[in-house]
Number of protein chains: 2
Amino acid sequence: MGRWETGAGERLRVAALDLFSKNGFEGVTVAEIAAAAGLTERTFFRHYSDKREVLFDGQDRLEGLFLQAVAESRAVRPMELVTEALSRSAEFFGEDRRPWSRSRQTVIDANPALLERESLKMNSLAAALASGIEARGVLAVAATLAADSGISAFRMAFSQWIVEGEERSFEQIQAAVLDELRTVVGLG
Amino acid sequence: MGRWETGAGERLRVAALDLFSKNGFEGVTVAEIAAAAGLTERTFFRHYSDKREVLFDGQDRLEGLFLQAVAESRAVRPMELVTEALSRSAEFFGEDRRPWSRSRQTVIDANPALLERESLKMNSLAAALASGIEARGVLAVAATLAADSGISAFRMAFSQWIVEGEERSFEQIQAAVLDELRTVVGLG
DNA sequence: TACAGTGATGACAGTCTCTGACATCCATGT
DNA sequence: ACATGGATGTCAGAGACTGTCATCACTGTA
């Protein structure tokens with residue numbers, strides 16, 4: 001491997017969030033982000049497939065946690081598997097991550113194109129979770145419905161977790177939301 | 001109002017799906033679509049905010065049906081409201097629409113950028129449904145969870161509806177999926 | 001019939017995202 | 001010293017999208 005200033009991807013990510021926070025997503029060009037990281041525009045696109053992607057990085061690791069939890073579980077019913085997957089995901093959202101998550105979400109919420117990318121990521125997460133559940137012997141329709149409901153709960157928990165002043169841990173919030181889900185949908 | 005060849009938007013939509021089906025979404029330029037419709041690139045962007053949007057048109061009308069059903073219902077529990085909204089949406093997917101829906105979906109499924117837009121649209125649909133339910137006196141969390149689950153069922157029903165050889169109506173399929181949802185999530 | 005008003009379209013220049021092709025650099029291993 | 005290979009720089013270019021202004025076709029009114 002070649003040896004330059006290390007962590008180009010990391011530098012780009014930091015510079016991007018910083019600039020986006022100041023000037024908004026559309027108020028910043030890729031060339032500016034690259035320059036702030038001491039690189040060129042072309043190199044930015046070698047690290048991130050497009051301008052939005054620089055804000056959606058940990059996604060793969062999160063998906064990995066979900067799938068690992070499902071694969072290791074001994075549960076059988078789909079919603080039990082979902083519950084364990086979500087529970088495992090809590091380790092991804094430690095206390096130190098909360099401030100970064102907050103400013104990142106502020107940027108995303110202010111731009112339709114970023115909300116679009118976020119929708120896709122959540123969708124992919126749900127699809128991956130569903131196929132993990134299916135691999136455990138659950139029928140496709142049931143697996144998908146359970147996974148979608150679970151991701152819905154996950155999103156709701158996340159948006160609550162980053163509220164200013166919220167003190168509960170991610171795991172606590174998520175457990176509460178899952179209870180609510182069972183109540184609401186179970187009542188028909 | 002000015003009077004030219006009418007239905008510019010319609011002509012663009014037809015030309016776009018036709019060209020996309022032949023050459024794929026990325027294999028067609030906006031200028032080509034416009035030319036096929038007897039217009040210029042600039043005019044395309046006056047009718048559709050971007051290249052993808054030409055494939056996502058009826059969305060507003062569908063959302064209207066959902067909201068109307070919720071507003072007119074006398075039900076109280078969130079999942080009952082969702083059920084009625086989905087039931088009403090069935091009138092959107094008449095038999096004559098099935099072939100168009102099929103080819104449209106084939107194009108979308110073949111392109112990540114279009115899948116992304118579709119995710120966003122489904123998300124917006126869910127958000128609109130949730131706020132309609134909330135307006136009927138349901139707490140926000142419960143309304144969102146119910147709406148998300150309902151849209152999940154809706155998507156599942158749609159994807160089944162356009163399967164080649166499927167003969168059941170949209171409404172029949174949707175009812176079956178909703179039953180499955182209650183069973184899966186209700187079991188915890 | 002003449003004429004001003006209105007909304008849709010055309011023409012054109014320009015910015016920015018994203019890609020392909022090729023040269024260059026730096027550390028490593030020999 | 002020298003070859004290697006991955007990461008970066010440089011350059012050219014296509015295509016999406018926007019701003020601006022002119023133009024056209026129809027409408028209503030005198």
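From a predicted model like this one, the values you see are computed outputs, not experimental measurements. Note on naming: letters A, B, ... go to the chains in the order of the sequence lines (proteins, then strands), and numbering restarts at 1 for each one.
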Task: Selected nucleotide, minimal atom distance to B:Thr43 side chain, candidates D:dT8, C:dG10, D:dC11 - done: C:dG10
Task: Integer-rounded Å distance: C:dT24 P and A:Arg42 CZ - done: 18 Å
Task: Whole angstrom value for the distance that separates C1' of C:dC16 from CZ of A:Phe44 - done: 13 Å
Task: Length of the CD-C1' vector between B:Glu26 and C:dG20, whole Å - done: 15 Å
Between the protein and nucleotides 14-16 of chain D, list the N/O to N/O atom pairs that are separated by less than 3.5 angstrom.
unit_1 : atom_1 : unit_2  : atom_2 : d
D:dA16 : OP1    : B:Lys51 : NZ     : 3.3

Task: Residues forming a side chain to side chain contact (heavy atoms under 4.5 Å, CB included) with B:Glu41, sequence neighbours excluded - done: B:Val30, B:Ala31, B:Phe45
Task: side chain to side chain contact (heavy atoms under 4.5 Å, CB included) partners for B:Ser119, two or more places apart - done: A:Ser119, A:Leu120, A:Asn123
TODO: Describe, in one word, how the ring planes of B:Phe170 and B:Trp161 are oriented to each other, choosing from parallel (under 30°), tilted (30 to 60°) and perpendicular (over 60°).
DONE: perpendicular
- [ ] Round to the nearest Å and state the distance from A:Glu32 atom CD to C:dT15 atom C1'.
- [x] 12 Å
Open item on the list: I need the CG-P distance between A:Asn23 and C:dC16, as an integer number of Å.
Closed with: 13 Å
Open item on the list: I want to check one thing: is the phosphate of C:dT9, taken as OP1 and OP2, less than 4.0 Å away from some side-chain N or O of B:Thr40?
Closed with: no
Task: Residue-phosphate contact under 4.0 Å: B:His47 side-chain N/O, C:dA8 OP1/OP2 - done: no
- [ ] Search all heavy atoms of A:Ser169 against all heavy atoms of A:Arg98 and return the closest pair with its distance.
- [x] CA-NH2, 4.3 Å
Open item on the list: Quick one about A:Ser87 and A:Glu171 (side-chain donor to acceptor, distance below 3.5 Å, no hydrogens or angles considered), yes or no?
Closed with: yes
Task: Between P of C:dT17 and CZ of A:Arg117, the distance in whole Å - done: 14 Å
Task: B:Phe92 six-ring face occupied by B:Arg97 cation (under 6.0 Å, within 45°) - done: yes
Open item on the list: Rounding to an integer number of Å, can you tell me how far A:Arg46 CZ sits from C:dT17 P?
Closed with: 17 Å
